[in-house]
Amino acid sequence: MPELPEVESIRLSLLPRVTGRTIGTVLADTPGVLVDTDSSSLSGLTISGIRRRGKYLVFDLGQSGDGPVTAFLMVHLRMTGRLTLQPQSQPVRPHTHVRLELLSGCLEPVWLIFQDTRRFGRIWLIPAPDGAQWPGHLARLGPEPLDPAFNAQVLKQQMARHARLSVKAALLDQTIIAGLGNIYADESLFRAGLYPARKVAGLQINEYTRLAHAITQVLAEAIACCGTTLRDYVDGWSREGQFQNFLNVYGQAGKPCRRCTSLISKGKLAGRTTSWCPVCQPDPDAYDGTVQEQPSSVSVQAQSPANSHQGRG
DNA sequence: ACCTACCTGTTT
DNA sequence: AAACAGGTAGGT
């Protein structure tokens, strides 16, 4: 589920409601979700902020709200994880695995709850050594696409060591660039006009420029829409996102392209379903034989290249 | 660089 | 009944 825009939306929605509050009771209902952590070790710690790195959320914890950070609570939501606030008067929501009671001097206690249908998500409590800015686990993550320092040159540099990968696979590799998943990789490639199966080695500098711009634009717009809700995603207030209404290719296979009306294609790439517009994102290696023309009713259908022998209709 | 596993729910 | 789903770790 949650990719960078969803995680960021959760962060922004939770921030004003959890900062300065102290953790009271901790209930780890499902073993293994709160990894290697005695839940009592969280009690008494105060949240001084929430940060995001790629698709990870990091809660800064300390003995007081303004003292040094002594621990990080690191969360990854994987496919169906949710992090929401819940009044203590309400019944336990389905698939709740961890509950943190948040205390405040003047406000009612609330639960910060972690729900996860598929139980892929994980939460870690990590000691913060003096001066540590981030949990060491995050050291391998690639650059943040919304960092001002991110640009075409950075992207090219990151991809350089993976020349044989498809550009789609490269965008999904969290060590190359942090935060993109299947939705925003496909949407970024559409906006950049790049065929997803293009090899990294063949990308030109102007294509890196287009791609870097596309990534930052798509992510910023998705955050402005509070993320994409396909099924499970909600922010800290349990509100759905709206970016699903603006998707150009993800989940749009067989529908007309919003830009050129040709039908969106679908295939399997890097083990993931991949959608693209065959006209806006042309394959430069496609054996064509003819001059570039508008596809009226041509063979570029919403079909995997691997199934081309099937030939129906 | 690819596969499979991890889970449950929904769709075909 | 089988395929598929926003993600990643781990093995080959």
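Keep in mind that the numbers below use all heavy atoms, side chains included, and drop hydrogens, waters and symmetry copies. Quick note on labels: first sequence line is chain A, next is B, and so on, each numbered from 1.
- Within the 4.0 angstrom heavy-atom criterion, only backbone atoms of the sugar-phosphate kind lie near A/Tyr56; the bases stay farther away.
- OP1 and OP2 of B/dC7 both lie 4.0 Å or more from every side-chain N or O belonging to A/Arg78.
- Side-chain contact between A/Leu61 and A/Thr46 is absent, with no heavy atoms from C-beta onward closer than 4.5 Å.
- Stacking here means ring centres nearer than 5.5 Å and ring planes tilted less than 30 degrees, and by that measure A/Phe120 does not stack onto B/dC7.
- Rounded to an integer number of Å, the gap from A/Asp173 CG to C/dT8 P is 10 Å.
- Separation of the P atoms belonging to C/dA9 and B/dG9 is 24 Å when rounded to the nearest angstrom.
- At a threshold of 4.5 Å between non-hydrogen side-chain atoms, the residues A/Thr216 and A/Asn151 do not count as touching.
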Hey, mind stepping through A/Glu8 and A/Arg51 against salt bridge (Lys or Arg N to Asp or Glu O under 4.0 Å) and telling me if it holds? CA-CA 9 Å; A/Glu8 180 66 8; A/Arg51 296 175 295 153; over 6 Å; no
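- Checking B/dT8 for Watson-Crick or G-U wobble geometry (two distances, each under 3.5 Å) identifies C/dA5 as its partner.
- Between B/dA1, B/dC7, C/dG6, one nucleotide has an atom nearer to the side chain of A/Met79 than all others, and that is C/dG6.
- Surrounding CG of A/Asn245 are more than 12 heavy atoms belonging to other residues, nucleotides or ligands, all under 6.0 Å away.
- Taking atom CG on A/Leu172 and atom P on C/dG7, their separation rounds to 7 Å, with Å as the unit.
- A straight line from CZ of A/Arg272 to P of C/dT8 spans 8 Å, rounded to a whole angstrom.
- Put simply, A/Arg122 has no side-chain N or O that comes within less than 4.0 Å of OP1 or OP2 on C/dA9.
- Picking from B/dC6, C/dA9, C/dG6 the nucleotide with the shortest atom distance to the side chain of A/Glu3 gives C/dG6.
- Two residues are said to be in side-chain contact when any heavy atoms from C-beta on lie closer than 4.5 Å; A/Asp60 and A/Phe72 meet this criterion.
- Rounded to whole Å, the separation between the P atoms of B/dA5 and C/dA2 comes to 16 Å.
- Residue A/Arg161 contributes atom CZ, which lies 16 Å from atom C1' of B/dA1 at whole-angstrom precision.
- To the nearest angstrom, C1' of C/dA5 lies 18 Å from OH of A/Tyr233.
- Neither OP1 nor OP2 of C/dG7 sits under 4.0 Å from any side-chain N or O of A/Gln174.
- Listed pair A/Thr273 / C/dA5 meets the phosphate criterion, a side-chain N or O lying under 4.0 Å from OP1 or OP2.
- Summary of the strand contacts: A/Ala169 and A/Arg231 both lie near DNA chain B, and taking for each the nucleotide with the nearest heavy atom, the more 5' one is attributed to A/Ala169.
- Comparing C/dA3 with B/dT4, their P atoms sit 13 Å apart, to the nearest whole Å.
- For C/dT8, the OP1/OP2 oxygens have a side-chain nitrogen or oxygen of A/Lys55 closer than 4.0 Å.
- Residue A/His95 places at least one side-chain N or O closer than 4.0 Å to OP1 or OP2 of B/dG9.
- Residues A/Leu189 and A/Gln281 have side chains in contact (heavy-atom distance under 4.5 Å, counting atoms from C-beta outward).
- Between A/Tyr195 and A/Trp276, the ring center distance clears the sub-6.0 Å criterion.
- A/Leu77 has its CG atom 11 Å from the P atom of C/dG7, to the nearest Å.
- A/His76 has no side-chain polar atom (N or O) that falls below the 4.0 Å cut-off from OP1 or OP2 of C/dG7.
- Nearest nucleotide to the side chain of A/Asp232, out of B/dT8, C/dG7, C/dG6: C/dG6.
- For B/dC3 and C/dC4, the P atoms lie 14 Å apart once the distance is rounded to whole Å.
- Following rounding to the nearest Å, A/Lys168 (NZ) and B/dA1 (P) show an atom-to-atom distance of 18 Å.
- Rounded to an integer number of Å, the gap from A/Ile176 CD1 to C/dG7 P is 15 Å.
- Using a 4.0 Å cut-off, some side-chain N or O of A/Lys268 falls inside it from OP1 or OP2 of C/dA5.
- You'll find a donor-acceptor pair under 3.5 Å spanning the side chain of A/Arg118 and the base of C/dA5, going by distance alone.
- Minimum atom distance to the side chain of A/Arg119 is reached by B/dC7, of the listed C/dA5, B/dA1, B/dC7.
- Nearest to the side chain of A/Ile183, among C/dG6, B/dC7, C/dA9, sits C/dG6.
- Nucleotides B/dT10 and C/dT8, compared at atom P, are 23 Å apart to the nearest Å.
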